[in-house]
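Sequence lines set the chain letters: A, B, ... in the order given, protein chains first and strands last, and positions in each chain run from 1.
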Amino acid sequence: MRLTVDHSSTYTYEHGVSYALQQVRKRPISLPSQSILSWDVSIEGAHWETSYTDHHGNLVDLIQLEPDVMSVSVSVKGEVETHDTSGVMGGHSQLVPLWLYQRPTELTMPAKGLRALAGKFSRSPSQDIGVLHELMVEIADKVAYRTNETDSRTTAEDALQQGQGVCQDHAHIFITVARLLGYPARYVSGYLMMTDRVDQDAGHAWAEAWVDGLGWTGFDVSNGISPDARYIQVATGLDYSDAAPIRGLVYGAGAENLVVSIQVQQ
Amino acid sequence: MADGEDVFDEMHGFGEGVRAPYAGYNGWFDKTTPSALLKKSRDAQTFFRRTGITFNVYGKSEADERLIPFDLVPRIIGASEWALLVRGIEQRVKAINAFLYDIYHRQEIVRAGRLPEHLIRENDAFLPKMIGFDPPGGIYTHIVGIDLVRTGPNEFFVLEDNARTPSGVSYMLENRETMLKMFPELFAQMSVQRVSGYPMALRRSLERSAPAQASGRPTVAILTPGIHNSAYFEHAFLADQMGVELVEGHDLRVVDGRVAMRTTQGYETIDVLYRRVDDEYLDPLNFRSESMLGVAGIFDVYRAGGITIANAPGTGIADDKAIYSYMPDIVEFYTGQAPLLKNVPTWRCAEKDSLSYVLEHLEELVVKEVHGSGGYGMLVGPAASKKEISAFRKKLQAKPSNYIAQPTLALSTVPVLTKSGLSPRHVDLRPFVLVSSDGVDVTPGGLTRVAMKKGSLVVNSSQGGGTKDTWVLKEG
């Protein structure tokens, strides 16, 4: 499937920025599930500082906001040929050892609720896929998809307690429980083409668990499926803060407002 | 442990008379009156007080800074003894760098079954963000201090490796300067190798480790946490001696994809940063976000090849005392040779059999925290009271994996000057090592720490230890 992406994020600030650096993870790489045909990231109100590949294999751009700007925008235009791999992304090509993906992070620190949820499942080598699918269904059942109830700092435990959240919260809960069950698991940020619309509400996020014999396998709790040809993977990490499209430090800007426009279409 | 015939004295051996490296000094000493020496000793303390070498002792609020006692009898090492040490140190430091490269890449040593995975996996000093990154020149630890102890003429043991941030080099330099001022005639008689070239050697070594993006003569700077740090004096001293800028985090920012320092003429790019700020405070964008001591984005610039950070982030894992216990295997794995320098035999309390042995022999052993340093939180069995031992036993049982234990070695002694003449005191030795793409350079000298109390084996300055000048004699 050939997908085109047209995505812009515009941040506006209460005051002029005095100093700000942002890490931008918005450049996907070619994988068995996707071939990048063209991809372009442009910025306004900021300039490029440097680029590198991080330990998870993500391409990272460091940008600096211009002094005194009141707004900055990051725009992405790209074209990707995707292939349906039934959510199976395959082998682990990075140097990061798999055990690192079993490590809890601040956002995926299990407490009572998540431990209780994990207690309902057990890892079973012959039925890994079945167990993880059931987990996906259970999380979707317990945590309703609802926007504006959580934010990028909400932990998996808090989202579970609240019983509502967005794709990020779903992914965090899945990752945390999968790790408790003994599966290496990671966070994926990217795009999903919702077939009933051109304008998408938000960037997407889902989870991957390491299944022996299959490799990394994706689970999109919010949509109750494993990723197919409508998905584009952009960045991976232990949690949102590792794979976030944009994260950084902004000094002197006061309150921040974000407007996003995303179109993903065939 | 009592001093006696079983302890090797570096001046008098096991009691068989003055050893060769000390012959020249002994001849001079015999012609000197004790009262004149004692006066010189007081002069030395005044000199230090004036130049301001002091040391913060943690946990002593009433006296924030205090003078480290200086003893003016030099510790003397012969040329051939030193050559032996240098070979061993070079081998070990090369192995440490190869080990660091490996654990941040394919972890072959774990795959080969030579090092248990959990030692990396459960180690807080292991920095995942370093995985897959090749530091400039492939060097992780540019500046190393190897702590050695001696038990006989050719018996040296490595007590610990300081690959993260070896401090104390300013004492080596200042002690020598003081000795040169006080005893010029002695230096005229004996051929002592110079240590004063260290600051420029350090600068050249760092310059050679500049990243590919550097052009022209590389710019080096020292990053300090600031004046409240216990080693601030050393940071300022080294910057001055090297002729480079001493900077703090707020002096630096990212400019044109590089890290640059604010100067009166605008921003100047830094190619190599000798940082004395710990990993977790180095970059609020990538590590602890509340850090006020670091530079936002420096780690991004580093991974992009825009700056050399010395020592590399994540290097501290090599200082871990559980890793230390595997150092003979590590040396062999990466160099293909048997280690030239011995490790002190070490019981890992994480292992059941070792733990029960250690618990049964606490009175004889030295027990240390795996991640500890500076002599804090350790038990010296032979010197501890029954009460201290029983309190320590509880701590050890609560978290065995946090401790290792070692036999109490009969550390060598070197005479110190007391009111009643020369008297032996136990010592250790920290030689300072520089690593660049040109190789390993061991400064002929080092920091000799001395337990100022008779019979004491604890030489840490934080525990009341003092220092001495360390002389390495020239060949012939």
Side-chain angles (χ1 to χ4, degrees), chain A residues 17-25 27 29 43 46-67 92-107 152-153 179 184 186 236-239 241-244 246-252, chain B residues 101-111 116-124 126-134 211 213 250 252-260 262 267 269 283-292 294-307 313-314:
Chain A
V17 167
S18 67
Y19 183 61
L21 288 170
Q22 302 278 341
Q23 289 174 342
V24 180
R25 285 177 173 82
R27 294 186 193 272
I29 54 172
I43 50 178
H47 59 267
W48 304 105
E49 287 291 354
T50 195
S51 304
Y52 63 98
T53 301
D54 73 11
H55 59 302
H56 293 296
N58 303 313
L59 300 179
V60 186
D61 295 302
L62 184 73
I63 65 171
Q64 183 168 165
L65 275 54
E66 306 299 351
H92 185 61
S93 55
Q94 305 305 323
L95 287 166
V96 174
L98 279 174
W99 52 255
L100 193 72
Y101 297 99
Q102 288 178 287
R103 205 177 249 193
T105 63
E106 227 170 280
L107 291 170
S152 63
R153 290 179 303 269
R179 286 178 188 158
R186 66 183 183 185
T236 61
L238 296 188
D239 64 14
S241 62
D242 264 1
I246 298 186
R247 66 180 291 273
L249 292 171
V250 180
Y251 296 109
Chain B
Y101 180 88
D102 185 32
I103 62 161
Y104 289 113
H105 290 80
R106 285 181 46 80
Q107 302 193 349
E108 301 288 2
I109 194 165
V110 175
R111 288 170 202 248
E117 184 183 275
H118 73 89
L119 287 185
I120 294 173
R121 186 176 175 157
E122 287 155 23
N123 199 308
D124 289 340
F126 179 73
L127 206 61
K129 285 193 160 122
M130 283 295 290
I131 295 172
F133 173 65
D134 295 355
Q213 287 180 29
H250 56 79
L252 309 183
R253 59 159 65 184
V254 175
V255 178
D256 299 332
R258 306 289 303 277
V259 172
R262 194 175 288 133
Y267 280 95
T269 302
D283 180 349
L285 182 58
N286 287 286
F287 305 110
R288 285 174 79 140
S289 58
E290 75 276 19
S291 171
M292 307 290 282
V295 187
I298 190 174
F299 194 78
D300 301 84
V301 172
Y302 182 56
R303 271 205 82 119
I307 191 168

Colleague: Of the listed residues (B:Pro284, B:Gly132, B:Ala304, B:Ala296), which shares the most heavy-atom pairs with chain A below a 4.5 Å separation?
Modeller: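 Heavy-atom pairs under 4.5 Å are most numerous for B:Ala304.
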
Colleague: Heavy-atom count check: over 12 atoms from other residues, nucleotides or ligands less than 6.0 Å from B:Asp134 CG?
Modeller: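 Counting other residues, nucleotides and ligands, CG of B:Asp134 exceeds 12 neighbours.
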
Colleague: Can you label the angle between the A:Tyr251 ring and the A:Tyr19 ring as parallel, tilted or perpendicular, going by 30° and 60°?
Modeller: parallel

Colleague: Any idea which of B:His105, B:Arg106, B:Arg258 has the most non-hydrogen atom pairs under 4.5 angstrom with chain A?
Modeller: B:His105

Colleague: Do B:Arg262 and B:Tyr267 have side-chain atoms, one donor and one acceptor, less than 3.5 Å apart?
Modeller: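 The criterion, which ignores hydrogens and geometry beyond distance, is satisfied for B:Tyr267 and B:Arg262.
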
Colleague: Among B:Ser289, B:Gly297, B:Pro128, which has the most heavy-atom pairs under 4.5 Å with chain A?
Modeller: B:Pro128

Colleague: Is A:Ser241 in contact with chain B via its backbone, its side chain, both, or neither, using a 4.5 Å heavy-atom distance?
Modeller: neither

Colleague: If we define contacts as heavy-atom pairs under 4.5 Å, which of A:Arg103, A:Glu49, A:Gln22 has the most with chain B?
Modeller: A:Glu49

Colleague: Where does B:Val110 contact chain A at under 4.5 Å (heavy atoms): side chain, backbone, both or neither?
Modeller: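 Contact with chain A is absent: no heavy atom of B:Val110 under 4.5 Å.
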
Colleague: Check whether A:Gln102 gets within reach of chain B through its side chain, its backbone, both or neither, counting any heavy atom under 4.5 Å.
Modeller: side chain

Colleague: Check step by step if ring-ring contact (aromatic ring centres under 6.0 Å, His included) holds for A:Tyr52 and B:Phe133.
Modeller: CA-CA 10 Å; A:Tyr52 63 98; B:Phe133 173 65; 8.9 Å; no

Colleague: Below 4.5 Å from any heavy atom of chain B, which atoms of A:Leu100 appear? Answer side chain, backbone, both or neither.
Modeller: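 Contact with chain B: side chain only.
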
Colleague: Does the side chain of A:His56 come under 3.5 Å of the side chain of A:Tyr101 through a donor N or O and an acceptor N or O?
Modeller: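 Side-chain D/A pair, A:His56 to A:Tyr101: present.
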
Colleague: Does any backbone or side-chain atom of A:Gln23 lie under 4.5 Å from a heavy atom of chain B? Answer side chain, backbone, both or neither.
Modeller: side chain

Colleague: Is the shortest side-chain N to carboxylate O distance from B:Lys129 to A:Asp54 below 4.0 Å?
Modeller: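 No, no charged N to carboxylate O under 4.0 Å.
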
Colleague: Just by distance, with hydrogens left out, do A:Glu66 and A:His47 show a side-chain donor and acceptor under 3.5 Å apart?
Modeller: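 Yes, because at least one side-chain N or O of A:Glu66 sits under 3.5 Å from a partner of the opposite role on A:His47.
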
